[in-house]
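See below for the structure under consideration.
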Amino acid sequence: MTEAATIHPSAVVEPGAEIGPGCEIGPFCHIGPMVKLGPNCVLKSHVVVTGDTEIGEETTIFSFAVIGEVPQDLKFRGEKTRLVVGKRNRIREHVTMNCGTEGGGGTTRVGDDGLFMAGCHVAHDAQVGDRVILVNNAALAGHCVLEDDVIVGGLSGVHQWVRIGRGAIIGAVTMVTNDVIPFGLVQAPRGKLDGLNLVGLKRRGVARSDITALRAAFQMLAQGEGAFADRARRLRDETQSDYVREITDFVLAESDRHFLTPG
């Protein structure tokens with residue numbers, strides 16, 4: 001423990017925990033013995049951080065969040081697993097993030113600069129990229145992969161093993177049961193690939209020529225001849241756009257789920 005940290009007298013910090021300089025731990029927090037908090041983390045009141053959990057610097061965790069608890073998986077038998085959370089995340093009230101399982105690689109991982117709004121859940125073995133936003137009460141099941149810059153709308157659920165590509169956006173109250181291509185827009189109760197996240201692309205300053213290429217690629221994936229994977233292969237061979245190639249590489253990579261395809 002570092003003297004530079006500020007720890008409220010009512011907080012419980014178990015022996016063995018590593019608290020970085022500049023951390024602020026509020027009233028009635030409970031920090032487990034294998035926890036590592038990076039510099040300048042802030043834990044509001046009544047936060048639980050437990051398990052073999054590492055929290056990156058300048059992350060703020062709000063009241064009643066439970067970070068690093070054991071998985072909600074009946075196959076879990078108490079094996080040693082981890083949760084690694086990156087830097088500068090904002091983890092709001094009642095968020096839960098679980099450690100991994102032996103069958104899923106052992107580590108749940110969250111990137112940098114994410115926003116996890118109230119009531120969100122990140123399940124065991126999920127792999128979450130940078131700048132991801134989970135809106136209130138969104139839930140990721142086990143083994144999900146969310147690449148950078150993904151947004152998942154409020155009250156939405158992502159099925160286990162699903163991959164969501166970079167820059168995709170999931171609308172509110174949506175159940176996502178299959179993989180989502182990079183930059184995709186998914187909405188409707190059972191998750192329909194309804195277009196591209198054009199607003200997100202424009203906000204990130206993607207060139208007009210690349211957006212035009214992405215729109216043409218989406219139309220080819222939607223209406224071209226052959227199976228979805230065959231269209232992706234032809235598109236990969238023909239395109240000059242790195243953004244389009246990112247979609248085709250995602251589609252042609254190994255996956256445990258089918259894809260949401262354009263309607």
Side-chain angles (χ1 to χ4, degrees), residues 1-2 5 7-8 10-20 22-130 132 134 137-146 152 158 160:
M1 193 181 304
T2 303
I7 301 174
H8 193 275
S10 65
V12 175
V13 180
E14 297 193 34
E18 298 181 18
I19 309 300
C23 286
E24 301 177 19
I25 299 177
F28 303 105
C29 291
H30 189 164
I31 311 300
M34 294 187 291
V35 170
K36 296 180 182 179
L37 298 183
N40 302 309
C41 288
V42 176
L43 277 58
K44 307 290 187 175
S45 68
H46 299 83
V47 172
V48 175
V49 185
T50 187
D52 186 353
T53 296
E54 180 178 339
I55 307 291
E57 63 184 65
E58 298 182 16
T59 289
T60 299
I61 307 177
F62 288 75
S63 298
F64 304 106
V66 179
I67 309 300
E69 194 49 275
V70 298
Q72 299 178 122
D73 184 345
L74 294 174
K75 298 185 296 299
F76 183 71
R77 292 293 182 265
E79 60 267 24
K80 184 178 179 181
T81 57
R82 305 183 66 215
L83 168 66
V84 178
V85 177
K87 305 172 183 177
R88 298 177 302 277
N89 286 286
R90 287 171 288 169
I91 301 172
R92 296 303 304 248
E93 297 83 356
H94 297 278
V95 169
T96 53
M97 296 183 177
N98 293 162
C99 290
T101 64
E102 185 178 29
T107 301
T108 304
R109 193 174 301 275
V110 174
D112 301 335
D113 300 300
L115 172 57
F116 301 87
M117 298 188 191
C120 292
H121 177 62
V122 178
H124 60 88
D125 305 298
Q127 306 295 308
V128 179
D130 298 338
V132 167
L134 300 188
N137 296 298
L140 306 183
H143 313 281
C144 290
V145 176
L146 272 63
V152 180
V158 182
Q160 61 190 17

Checking side-chain contact (heavy atoms from CB on, under 4.5 Å) for the pair Leu140/Leu146: CA distance, chi angles, key distance, verdict?
CA-CA 9 Å; Leu140 306 183; Leu146 272 63; 4.0 Å; yes
At what distance, to the nearest 0.5 angstrom, does [atom1] of [X] lie from [atom2] of [Y]?
X: Leu43; Y: Ile19; atom1: CG; atom2: CD1; value: 8.0 Å
X: Met34; Y: Glu18; atom1: CE; atom2: CD; value: 12.0 Å
X: Phe116; Y: Thr96; atom1: CZ; atom2: OG1; value: 11.5 Å
X: Glu58; Y: Cys23; atom1: CD; atom2: SG; value: 10.5 Å
X: Phe62; Y: Arg92; atom1: CZ; atom2: CZ; value: 4.0 Å
X: Ile55; Y: Leu37; atom1: CD1; atom2: CG; value: 6.5 Å

Please examine the side chains of [Y] and [X], heavy atoms only from C-beta on, and report whether any two atoms are closer than 4.5 Å.
X: Ile67; Y: Val35; value: no
X: His121; Y: Asn98; value: yes
X: Val42; Y: Ile61; value: no
X: Val47; Y: Phe64; value: no
X: Phe76; Y: Thr81; value: yes

Can a side-chain donor-acceptor contact be found between [Y] and [X] if the only test is distance below 3.5 angstrom?
X: Glu24; Y: His8; answer: no
X: Ser63; Y: Ser45; answer: yes
X: Asp125; Y: Thr108; answer: no

List the steps, then state whether side-chain contact (heavy atoms from CB on, under 4.5 Å) holds for Leu134 with Val122.
CA-CA 9 Å; Leu134 300 188; Val122 178; 4.0 Å; yes
Shortest non-hydrogen contact from [X] toward [Y]:
X: Ala141; Y: Ala123; value: C-CB, 3.5 Å
X: Gly68; Y: Cys99; value: O-SG, 3.2 Å
X: Thr53; Y: Thr50; value: OG1-O, 2.6 Å
X: Met97; Y: Ile91; value: CE-CD1, 3.9 Å
X: Pro33; Y: Pro15; value: CB-O, 3.3 Å
X: Thr107; Y: Gln127; value: O-NE2, 2.8 Å

Output yes when a side-chain donor or acceptor of [X] lies under 3.5 Å from a complementary backbone atom of [Y], and no otherwise.
X: Asp73; Y: Lys75; result: yes
X: Glu79; Y: Arg77; result: yes
X: Asp112; Y: Lys87; result: yes
X: Thr101; Y: Gly106; result: no

Contacts satisfying salt bridge (Lys or Arg N to Asp or Glu O under 4.0 Å) that involve residues 39-52 (not counting sequence neighbours) are Asp52-Arg82
Those residues that, when tested against His143, pass ring pair (Phe, Tyr, Trp, His ring centres under 6.0 Å) (two or more places apart)
His124, Trp161
Ion pair check, Arg88 and Asp113, cut-off under 4.0 Å
yes
If you draw a 6.0 Å radius around CD in Glu102, do more than 12 non-hydrogen atoms from other residues or ligands fall strictly inside?
no
